[in-house]
Amino acid sequence: MSYLETTIDVYKEAALTPDVGLCCTTNPIWELPGLKIPKIMQEMNYGCGSTVHARDLTNNPKVLYVGVGGGMELLQFSYFSRQKGGVIGVDVVDEMLEASRKNFKEAEAQNDWFKSEFVDLKKGDAMNLPVEDNSIDVAAQNCLFNIFKEEDLKKAIEEMYRVLKPHGRLVMSDPTCEQPMNETLRNDERLRALCLSGSLPIKDYVKALTDVGFGTIEIRARKPYRILDPKNYPTDELIYIESIEVAAIKDPMPADGPCVFTGKAAIYFGEEEYLDDQNGHILLKNQPIAICDKTASNLAGLGRDDIYISESTFHYDGGGCC
């Protein structure tokens, strides 16, 4: 049995018997006016963060969500895209698709504005999406891509890139881990399916996105996720896993490489009213500006003593140098 077959079995079981302890089902639920989320959807929220952000969802976007879970984030996306087929949900597990259909009927009963026809559920897998090229404004996945091994991850990201419109965005939440994991953990198919042993370091995760062609990366949140300890897992040391929320934007790749925002800022505090770095950036005196890592490096290279550059906070919410 391949690790992907093991993954299907895990989520078939989770569809038939909701597992509140799977992934981070205790994450806070967005409170939006007029939105009521059925309890069963919350119990089947098999994610490690949120991919629903209002600033991504203006002007009735066409949304794709891969790995439907119990349908909670599909319902939340529908809140912003109230049109027939405005949200496409793709999953390889028949039982999860059927569970979501039932949950949407419950959502209809609790929300006057919602209709099940807002969501188009399709059978398919992340490496071969049943979606046309350049047709999606916002694509999303929550706690899925970390399961994939390197070649499958590359295919999944390429598929998301293919279906997105120019300047469309891929919004994701996944576990990451900065510590090395032994081969026993890495090769444990069930632990990988449970979103524990496939976690990559953030720099490798970002590189997988930029290698496919995404020109702008935003790291929006970084939070504690899980502990793998020697008493319960095949490891000699305690391993700390975090989850991150990331947006990868289908912008053209700049000639000097991608713009990766990791929550750095620059503050100019010199004698002039502003600083022009002659590279397209104006820094007003005593006003922090969000900068990508590339701009941070270029500003540091100026060798000035009147620019402060912060460390990465791994929290970015828009604006700044690009």
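Quick caveat, the model's predicted, so the values are computed rather than measured.
Between Met44 and Met96, the closest side-chain pair of non-hydrogen atoms falls below 4.5 Å. Side chains of Leu4 and Asp125 form no contact here, defined as non-hydrogen atoms less than 4.5 Å apart. Using a 4.5 Å heavy-atom threshold, the side chains of Asn298 and His281 count as separate. By the 4.5 Å heavy-atom criterion applied to side chains, Val68 and Val119 are not counted as neighbours. Using a 4.5 Å cut-off on side-chain heavy atoms (C-beta onward), Pro288 and Ile267 make contact. For the pair Met160 and Leu64, the minimum side-chain heavy-atom distance is below 4.5 Å. For the pair Phe148 and Met127, the minimum side-chain heavy-atom distance is below 4.5 Å. The closest side-chain heavy-atom distance from Glu73 to Ser50 is below 4.5 Å.
Enclosure of atom NZ in Lys122 by more than 12 non-hydrogen atoms of other residues, nucleotides or ligands within 6.0 angstrom is indicated. Counting heavy atoms of neighbouring residues, nucleotides and ligands inside a 6.0 Å radius, atom CD of Glu150 does not exceed 12 of them. For Asn59, the CG atom counts as loosely surrounded, since its 6.0 Å shell holds 12 or fewer non-hydrogen atoms of other residues, nucleotides or ligands. The number of heavy atoms from other shown groups lying within 6.0 Å of CG (Asp276) is above 12.
Note that CZ of Arg190 and OG1 of Thr6 are 8.5 Å apart. Values are rounded to the nearest 0.5 Å. In this structure, CG in Leu144 is found 11.5 Å from OG1 in Thr51, a value given to the nearest 0.5 Å. Atom CD1 of Ile202 sits about 4.5 Å away from atom OG1 of Thr176, to the nearest 0.5 Å.
Residue Ile282 shares its hydrophobic cluster (ILVMFWY side chains chained together at separations under 4.5 Å) with Tyr274, Leu284. Through side-chain heavy atoms spaced under 4.5 Å, either directly or across other Ile, Leu, Val, Met, Phe, Trp or Tyr residues, Ile227 is tied to Leu238, Tyr240.
Arg304 and Asp306 are joined by a salt bridge, as a carboxylate oxygen and a charged side-chain nitrogen come within less than 4.0 angstrom of each other. Ion pair Lys154/Glu158 flagged as a salt bridge, since at least one NZ, NE, NH1 or NH2 atom sits closer than 4.0 Å to an Asp/Glu carboxylate oxygen.
Residue pairs satisfying the side chain to side chain donor-acceptor pair (under 3.5 Å) criterion with at least one member in residues 86-100, sequence neighbours excluded, are listed as follows: Asp94-Lys123. Pairs engaging residues 261-270 under the side chain to side chain donor-acceptor pair (under 3.5 Å) rule: Thr262-Asp293, Thr262-Ser312 [sequence neighbours left out].
In summary, the side chains of Lys250 and Asn134 do present a donor paired with an acceptor at a separation below 3.5 Å, with no hydrogens or angles considered. Remark: the Asp188 side chain and the Ser197 side chain contain no N/O donor-acceptor pair separated by less than 3.5 Å.
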Walk me through it: do Glu245 and Lys223 pass the test salt bridge (charged side-chain N to carboxylate O under 4.0 Å, His left out)? CA-CA 9 Å; Glu245 296 176 12; Lys223 300 176 290 187; 3.0 Å; yes
Between Gln76 and Met72, is the side-chain contact (heavy atoms from CB on, under 4.5 Å) condition met? List the steps. CA-CA 6 Å; Gln76 291 174 318; Met72 189 185 80; 4.1 Å; yes
ring-ring contact (aromatic ring centres under 6.0 Å, His included) assessment of Phe118 paired with Phe77: CA-CA 10 Å; Phe118 290 170; Phe77 280 122; over 10 Å; no
Criterion side-chain contact (heavy atoms from CB on, under 4.5 Å) on Tyr233 and Leu196, from CA distance to verdict: CA-CA 11 Å; Tyr233 298 94; Leu196 293 173; 4.0 Å; yes
Decide side-chain contact (heavy atoms from CB on, under 4.5 Å) for Phe214 and Leu164; before the verdict, give the C-alpha distance in whole Å, the side-chain angles of both, and the deciding distance to 0.1 Å. CA-CA 11 Å; Phe214 287 101; Leu164 281 169; 3.8 Å; yes
Check the pair Asn142, Met172 against side-chain contact (heavy atoms from CB on, under 4.5 Å), reporting the backbone distance first and the verdict last. CA-CA 6 Å; Asn142 195 332; Met172 303 175 292; over 6 Å; no
With side chain to side chain donor-acceptor pair (under 3.5 Å) as the test, would you mind laying out the steps for Asn60 and Gln83 before giving the verdict? CA-CA 8 Å; Asn60 297 316; Gln83 54 187 311; 4.7 Å; no
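Using a distance-only test at 3.5 Å, with no hydrogens or angles considered, a donor-acceptor pair links the side chain of Asn103 to the main chain of Gly70. In this structure a side-chain-to-backbone donor-acceptor pair under 3.5 Å is present from Arg192 to Ile147. At distances below 3.5 Å, not a single donor-acceptor pair connects side-chain atoms of Lys285 with backbone N or O atoms of Glu272. The backbone N or O of Lys149 sits less than 3.5 Å from a side-chain atom of Tyr3, completing a donor-acceptor pair. Here the side chain of Tyr79 pairs a donor or acceptor atom with the backbone of Pro33 at under 3.5 angstrom. For Gln42 (side chain) and Ile37 (main-chain N/O), a donor-acceptor pair under 3.5 Å exists by modelled atom type. Side-chain atoms of Gln141 never come within 3.5 Å of backbone atoms of Gly67 as a donor-acceptor pair (strictly under, hydrogens ignored). The main-chain N or O of Leu129 is found under 3.5 Å from a side-chain atom of Arg162 such that the two form a donor-acceptor pair. A donor-acceptor pair is defined here as one N or O able to donate and one able to accept, closer than 3.5 Å; such a pair exists between the side chain of Thr210 and the backbone of Lys207. With hydrogens and angles ignored, the 3.5 Å screen pairs a side-chain donor or acceptor of His315 with a backbone N or O of Arg220.
Listed here is the closest heavy atom pair of Leu299 and Ala266: CD1-CB, 3.9 Å. When all heavy atoms of Met41 and Ala107 are compared, the pair lying nearest together is CE-CB, 4.1 Å. For the residue pair Phe104 and Ser116, the shortest heavy atom distance occurs at CB-OG, 3.5 Å. What you find for Ser243 and Cys48 is that their closest heavy atoms are OG-O, 3.1 Å. Across all non-hydrogen atoms, the minimal contact from Thr58 to Pro61 is O-CD, 3.4 Å. The shortest heavy-atom contact between Thr313 and Gly263 is OG1-O, 3.0 Å.
Every residue was checked against the side chain to side chain donor-acceptor pair (under 3.5 Å) condition with Asp236, not counting sequence neighbours, and none meets it. With sequence neighbours left out, Asn146 forms a side chain to side chain contact (heavy atoms under 4.5 Å, CB included) with Cys143, Asp174, Pro175, Cys195.
Classification of the Tyr316-Phe261 ring pair by plane angle, with boundaries at 30° and 60°, yields parallel.
In the hydrophobic clustering of this structure, Trp113 groups with Leu74; members are Ile, Leu, Val, Met, Phe, Trp, Tyr whose side-chain heavy atoms approach within less than 4.5 Å, directly or through other members. Val93 and Leu194 fall within a single hydrophobic cluster, where Ile, Leu, Val, Met, Phe, Trp and Tyr are joined by side-chain heavy atoms under 4.5 Å apart, directly or via other members. In the hydrophobic clustering of this structure, Ile309 groups with Ile289; members are Ile, Leu, Val, Met, Phe, Trp, Tyr whose side-chain heavy atoms approach within less than 4.5 Å, directly or through other members. Residues Val246 and Ile249 fall into different hydrophobic clusters, defined by Ile, Leu, Val, Met, Phe, Trp and Tyr side chains chained together at heavy-atom separations under 4.5 Å. If you chain together hydrophobic residues whose side chains sit under 4.5 Å apart, Ile291 and Phe314 never meet in one group.
The side-chain tip of Arg82 does not point at the ring of Phe80 from less than 6.0 angstrom away and within 45° of straight on.
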